[in-house]
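Structure first, then comments.
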Amino acid sequence: MALKIVTDSATDLPKEIIDKYQLHVIPTPVTINGTDYFDGKTIMPNDFYRIQAEGAEIKTYHINQFMFHENFEPYAKAGDEVLYLCFSTGIAGTFNAANLAKEELLEEYPDFQITIVDSKCASIGFGLGVMKLLRMQENGASKEMLVEAARYFFDNMEHIVTVDTLEYLYKGGRLSRTSAVVGGVLDIKPIIEVNDDGALVAFEKVRGRMKSLKRCVELVGQRGVNLEKQEIGIVHGNDPETCTKVREMLEEKYHCRKIVESQVGCAIGAHTGPGIIGIVFLSASEEKYGEYLK
């Protein structure tokens with residue numbers, strides 16, 4: 001019996017990490033002009049943002065019970081254990097659907113061991129936690145320690161996010177038309193976090209793109225610990241130049257040296273657009289798991 005870590009594409013993990021650990025990533029579905037696609041499998045981020053810019057009708061929905069059943073059943077048949085690390089319930093219904101599939105599978109495979117952890121995180125904030133657990137497993141951490149560490153990392157993961165335009169928040173139903181129009185005229189850029197319930201919430205407003213980026217970097221210093229030693233994640237939609245600029249700001253201001261860059265996929269990009277920039281980091285020390293994170 002082997003313990004398999006499984007996750008979904010809302011982690012926005014770089015391909016080299018997925019390949020290195022042969023990680024099973026369940027793709028998030030997205031509907032474009034009435035046709036279903038699967039994030040990272042049948043549509044890649046660059047193609048998605050090109051289609052989005054062309055004005056396509058885009059809708060997202062969470063991985064459903066049937067999809068989870070299909071992805072979990074091979075492990076149940078093989079007698080393997082599964083630790084499924086799940087996209088935030090504050091953003092999608094993924095956790096509930098996964099648990100419904102679990103209950104269904106246990107009727108047919110009563111000995112199947114599957115643990116489902118709600119990350120209450122998004123994008124590379126979710127992905128950084130998964131990376132740490134993969135490294136811990138590689139270094140011999142037990143299942144019990146992995147589950148404990150998962151909750152610790154996810155509970156202490158900070159997300160600081162901004163977007164370049166309010167258009168996609170409006171289209172996705174996360175902003176009123178009036179707020180989008182007024183915000184556009186005034187060049188308002190929201191500063192967004194993932195709160196304790198795992199939901200994306202705007203908590204500050206800044207005028208101008210550069211000011212919003214500088215404010216995001218300031219907040220990293222206010223909330224993070226041991227920034228020069230810990231792994232930091234930066235994501236963008238389709239704006240690698242700004243991503244590089246933010247990386248340079250973090251390196252200069254906090255001497256960050258372990259930075260993972262990635263691209264936001266369909267699950268979040270559909271609601272934020274290509275100008276999203278996110279920085280993720282820990283607000284607590286990971287020293288207690290240090291021997292397994294080498």
Greater than 12 external heavy atoms within 6.0 Å of [X]'s [atom1]:
X: Gln222; atom1: CD; result: yes
X: Asp196; atom1: CG; result: no
X: Phe66; atom1: CZ; result: no
X: Glu287; atom1: CD; result: no

Connected via hydrophobic side-chain network under 4.5 Å: [X] and [Y]:
X: Leu134; Y: Ile114; value: no
X: Met157; Y: Tyr292; value: yes
X: Ile17; Y: Leu83; value: yes
X: Phe95; Y: Ile91; value: no
X: Ile5; Y: Val260; value: yes

What's the shortest heavy-atom distance between [X] and [Y], and which atoms?
X: Leu146; Y: Leu133; answer: O-CD2, 3.3 Å
X: Val25; Y: Asp8; answer: CG1-C, 3.5 Å
X: Ala267; Y: Asp39; answer: N-OD2, 4.1 Å
X: Ala97; Y: His62; answer: CB-CE1, 3.9 Å
X: Val117; Y: Ala150; answer: CG1-CB, 4.4 Å
X: Gly237; Y: Tyr49; answer: O-CE1, 3.2 Å

Does the distance from a Lys or Arg side-chain N to an Asp or Glu carboxylate O, for [X] and [Y], drop under 4.0 Å?
X: Lys143; Y: Glu81; result: yes
X: Glu261; Y: Arg247; result: yes
X: Glu218; Y: Lys214; result: no
X: Glu54; Y: Arg50; result: yes
X: Glu228; Y: Arg257; result: no
X: Arg151; Y: Asp155; result: no
X: Lys77; Y: Glu108; result: no
X: Asp197; Y: Lys120; result: no
X: Asp187; Y: Lys205; result: no

Given the ring of Tyr289, does Lys132 sit roughly above its face, with NZ or CZ under 6.0 Å from the centre of the six-membered ring and within 45° of the axis? no
With side chains defined as the heavy atoms from C-beta onward, is the minimum distance between [X] and [Y] less than 4.5 Å?
X: Glu158; Y: Val280; result: no
X: Thr60; Y: Pro29; result: no
X: Phe126; Y: Leu85; result: yes
X: Ile116; Y: Lys102; result: yes
X: Thr28; Y: Ile63; result: yes
X: Cys121; Y: His159; result: yes
X: Glu57; Y: Ile32; result: no
X: Ser285; Y: Asn226; result: yes

For [Y] together with [X], are the ring centres under 6.0 Å from each other?
X: Tyr37; Y: Phe48; result: no
X: Tyr84; Y: Phe68; result: yes
X: Phe112; Y: Phe72; result: no

CA sep, side-chain torsions, deciding dist, call: Ile276, Ile268, side chain to side chain contact (heavy atoms under 4.5 Å, CB included): CA-CA 9 Å; Ile276 181 174; Ile268 291 182; 4.1 Å; yes
Euclidean distance, [Y] [atom2] relative to [X] [atom1], rounded to 0.5 Å:
X: Gln52; Y: Asp47; atom1: CD; atom2: CG; answer: 12.5 Å
X: Glu104; Y: Glu73; atom1: CD; atom2: CD; answer: 9.0 Å
X: Glu107; Y: Leu105; atom1: CD; atom2: CG; answer: 9.0 Å
X: Leu282; Y: Lys229; atom1: CG; atom2: NZ; answer: 14.5 Å
X: Lys41; Y: Met44; atom1: NZ; atom2: CE; answer: 12.5 Å

Go through the steps for Val6 and Asn71 under the test side chain to side chain contact (heavy atoms under 4.5 Å, CB included), then give the verdict. CA-CA 9 Å; Val6 178; Asn71 281 273; 5.9 Å; no
Excluding Met249, membership of its hydrophobic cluster (Ile, Leu, Val, Met, Phe, Trp, Tyr; side-chain heavy atoms within less than 4.5 Å) reads Ile160, Ile191, Phe203, Val206, Met210, Leu213, Val217, Leu219, Val220, Leu227, Ile232, Ile234, Val246, Leu250, Tyr254, Ile259, Ile277, Ile279, Phe281
Under a 3.5 Å threshold, yes or no: a donor from one side chain and an acceptor from the other, between [X] and [Y]?
X: Asp36; Y: Thr31; value: yes
X: Gln65; Y: Asn99; value: no
X: Ser119; Y: Ser88; value: no

Begin from the C-alpha positions of Gln263 and Asn46 and carry the test side chain to side chain donor-acceptor pair (under 3.5 Å) through to its verdict. CA-CA 9 Å; Gln263 195 169 10; Asn46 285 337; 2.9 Å; yes
Under 30°, 30 to 60°, or over 60°: which ring-plane class applies to Tyr75 and His24, parallel, tilted or perpendicular? tilted
With side chain to side chain contact (heavy atoms under 4.5 Å, CB included) as the test, would you mind laying out the steps for Gln137 and Tyr21 before giving the verdict? CA-CA 10 Å; Gln137 184 184 39; Tyr21 292 101; over 6 Å; no
Just do the side chain to side chain donor-acceptor pair (under 3.5 Å) check on Asp12 and Ser123 with the steps written out, would you? CA-CA 5 Å; Asp12 293 333; Ser123 188; 2.6 Å; yes
Can you list the steps and then say if Val130 with Leu23 is a side chain to side chain contact (heavy atoms under 4.5 Å, CB included)? CA-CA 10 Å; Val130 173; Leu23 178 64; 4.0 Å; yes
